[in-house]
Amino acid sequence: MDERPLPLKIPASLDEAKAIQEAIARAAETAPPVSLDEVRCIAGADASYSPDGRTVHAAVAVLGLPDLNVLERCWVSREVPFPYMPGFFAFREGPAIISAVGALTRQPDLLLVDGHGRAHPRRAGIATHVGFLLSIPTVGVAKQLLAGDAVEFGPARGSSSPIWDRGEIVGMAVRTKAGSRPVYVSAGHAMDLATAVAAVLATTGTSRIPAPVREAHRISREVRRSHITFSVSP
DNA sequence: GCGACAG
DNA sequence: ATCTTGTCGC
C-alpha cells in the first residue's frame with residue numbers, strides 16, 4: 001500500500017516549469033471528476049512564511065460534512081524552495097502542502113487549496129498540481145484573480161459570475177458572504193466547476209473564506225508564531 | 001513595447 | 001505572504 005505522494009520537482013528554468021504545468025493541466029482534465037455525494041470530508045490547505053522569508057509553514061485541516069467539525073490537523077515547515085513569481089506559485093508552497101496532506105492519517109475526499117486551479121494562464125494553478133500529485137480531487141479558492149475576468153454581479157450569498165479567460169470559462173467568482181468581495185473558485189484535479197462551487201458553498205458559513213481553508217490558515221500562522229516544526233493532531 | 005501579475 | 005497604527009463598519 002504505497003500512499004506516498006509523488007514529489008513535485010522544482011524546475012531549474014521557467015521553460016521547464018511551464019512544461020510541467022502543461023503536462024499537469026492535461027492530466028487533471030483527463031481524470032474523472034468526483035461527485036459531491038461521495039464526499040464525506042473536505043480538507044483545506046494554506047501556508048504562511050517566517051519573517052525572513054526563508055521558511056514556509058504549510059497546514060491542512062480536515063473537516064466533516066455537513067457540520068464542519070474538525071477531524072484532523074497536520075502541518076509541516078521547510079525551507080522555501082522557489083521564489084514567488086505569479087503563475088509559478090505551486091513550486092513555492094506546493095511541496096510543503098503535499099507533505100502535510102500526505103502525513104494525514106486519512107486522506108480527505110476533497111481538498112480546497114488557497115490559490116487557483118484551472119483559472120491560471122496554463123490552466124494549472126497550485127490546486128491542480130497538488131491534486132494531481134496526491135491523486136485527490138481539488139478545488140482552487142483564491143482571493144484575487146490571476147488570469148481572466150468576471151463581470152460584476154449580485155450581492156447575495158450564493159450568487160456568482162463566470163471567470164472568462166481567452167474565450168473560455170475557467171472558473172467562477174462566487175459570493176460566499178452577502179455584500180463581501182467574491183472568492184475565485186476553479187477546478188483543480190478530478191474536479192468539475194459546478195462541484196467546485198458547491199463544495200465551496202457547502203463549507204462556507206458566516207465567513208467569506210471556506211472553513212477548511214480558514215482553519216488551515218489559522219494553523220499555519222499558529223505554527224509560525226510558536227516555532228513548531230512538525231506535528232500531527234486529531 | 002506596455003501593463004498585469006494567486007500567495 | 002510579511003512589515004505595520006489607527007480606524008471605519010457591522
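This one's a predicted model, so the numbers in the text were calculated from it and none came from an experiment. In what follows, every chain begins at residue 1, and chains take the letters A, B, ... in the order their sequences are listed.
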Requested in this report: Measure from CD1 on A/I97 to C1' on C/dA1 and round the result to the nearest Å.
Outcome: 12 Å

Requested in this report: Whole angstrom is fine here: how far is it from CZ in A/R225 over to P in C/dA1?
Outcome: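 Interatomic distance, CZ of A/R225 to P of C/dA1: 18 Å.
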
Query raised in the report: Base, backbone or nothing for each nucleotide of nucleotides 1-7 of chain B, written B, S, -, heavy atoms under 4.0 angstrom, 5' to 3'?
Result: ----BBB

Quick check: is [Y] connected to [X] through a chain of hydrophobic side chains (ILVMFWY, heavy atoms under 4.5 Å apart)?
X      : Y      : result
A/L145 : A/F89  : no
A/L8   : A/M85  : yes
A/Y84  : A/L146 : no
A/W164 : A/V170 : no

Query raised in the report: In terms of side-chain geometry, is the basic nitrogen of A/D46 or A/R218 positioned less than 4.0 Å from the acidic oxygen of its partner?
Result: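 Here A/D46 does not pair with A/R218 in a salt bridge, since their nearest N and O are not under 4.0 Å apart.
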
Requested in this report: State whether A/E168 and A/R118 are salt-bridged, where the test is any N-O pair (Lys NZ or Arg NE/NH1/NH2 against Asp/Glu carboxylate O) under 4.0 Å.
Outcome: yes

Query raised in the report: Is there a donor-acceptor pair closer than 3.5 Å between any side-chain N or O of A/S159 and the backbone N or O of A/G154?
Result: yes

Query raised in the report: Is it true that the side chains of A/S50 and A/D52 contain a donor and an acceptor less than 3.5 Å apart?
Result: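 On atom types as modelled, these side chains qualify, holding a pair under 3.5 Å.
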
Query raised in the report: Is any side-chain N or O of A/R224 closer than 4.0 Å to OP1 or OP2 of C/dT2?
Result: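 Yes, because at least one side-chain N or O of A/R224 sits under 4.0 Å from OP1 or OP2 of C/dT2.
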
**Report entry** Helical stems, DNA chain C - three or more consecutive Watson-Crick or G-U wobble pairs below 3.5 Å
**Finding:** none

